[in-house]
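Handing you a structure now.
A quick note: this is a predicted structure, and the numbers were derived from the prediction, not measured.
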Amino acid sequence: MTPMSDLVSFVFIAQTTMLVITCVLLVYPVVTYGRNVAHTRGLLLLAGAFFALTVSYVTAVAFGMTLVSSVLDLTASLLAAAGIWQFARPFVQFDEGTVETTAVGDTTGGFESAGDD
């Protein structure tokens with residue numbers, strides 16, 4: 001083995017380890033303290049996305065399976081989008097096209113009076 005392949009192997013193992021640790025750190029609080037964690041479904045979907053990304057990375061780098069890796073990348077993207085949607089869902093409203101506007105009247109304060117001191 002050449003020193004470069006040792007470096008590539010080290011980086012591969014380090015990156016794979018970090019992705020697995022990320023999956024575990026996302027799943028651990030949900031499993032252990034499920035009643036106290038908000039957005040459990042979102043966290044589990046994001047953990048699934050990281051796991052799919054990890055498997056995709058391993059299949060692409062270690063085994064050279066590019067088609068399987070691409071399918072897993074798509075799966076990871078969909079899981080991440082679903083997880084993000086779980087976080088954003090309470091803040092998104094689909095109304096009938098009405099937009100509330102407020103009229104701005106005479107304002108006080110701000111930077112207009114900053115030089116008057």
Side-chain angles (χ1 to χ4, degrees):
M1 285 187 147
T2 63
M4 188 59 180
S5 67
D6 289 340
L7 179 63
V8 170
S9 297
F10 172 75
V11 169
F12 171 75
I13 291 170
Q15 288 177 342
T16 304
T17 303
M18 291 310 296
L19 285 170
V20 169
I21 289 172
T22 303
C23 293
V24 170
L25 288 176
L26 282 171
V27 170
Y28 176 75
V30 175
V31 171
T32 307
Y33 308 105
R35 293 184 180 173
N36 300 329
V37 176
H39 302 288
T40 55
R41 190 177 306 142
L43 285 171
L44 289 176
L45 286 167
L46 288 176
F50 272 105
F51 182 72
L53 185 68
T54 303
V55 175
S56 168
Y57 178 67
V58 170
T59 57
V61 174
F63 301 116
M65 302 170 141
T66 56
L67 179 62
V68 174
S69 176
S70 297
V71 170
L72 288 169
D73 284 340
L74 177 64
T75 304
S77 299
L78 293 174
L79 286 171
I84 291 168
W85 173 251
Q86 291 296 318
F87 288 103
R89 186 176 55 168
F91 304 105
V92 176
Q93 296 177 0
F94 295 105
D95 290 337
E96 304 277 326
T98 59
V99 176
E100 286 188 32
T101 58
T102 56
V104 177
D106 186 31
T107 59
T108 60
F111 293 109
E112 293 84 20
S113 61
D116 298 338
D117 291 338

> Are Met18 and Ile13 linked, directly or through other ILVMFWY residues, by side chains that come within less than 4.5 angstrom of each other?
Replying inline: no

Could you go through residues 32-55 and list every donor-acceptor pair under 3.5 Å that involves a side-chain atom there, pairing it with any protein atom two or more places apart or in another chain?
{"from": "Thr32", "atom 1": "OG1", "to": "Tyr28", "atom 2": "O", "distance (Å)": "2.9"}
{"from": "Thr54", "atom 1": "OG1", "to": "Phe50", "atom 2": "O", "distance (Å)": "2.8"}

> Hey, what do you get for CG (Leu79) to CG (Leu74), rounding to the nearest 0.5 Å?
Replying inline: 9.5 Å

>> Please determine whether residues Val92 and Phe87 belong to a single hydrophobic cluster, defined as Ile, Leu, Val, Met, Phe, Trp and Tyr linked transitively by side-chain heavy-atom distances below 4.5 Å.
In response: no

> Tracing side-chain links under 4.5 Å among I, L, V, M, F, W and Y, which residues wind up in one group with Val71?
Replying inline: none

> Which residues satisfy the side-chain contact (heavy atoms from CB on, under 4.5 Å) test with Ala62, sequence neighbours excluded?
Replying inline: Phe12, Val58

> Met65, Leu67: one ILVMFWY side-chain cluster at the under-4.5 Å cut-off?
Replying inline: no

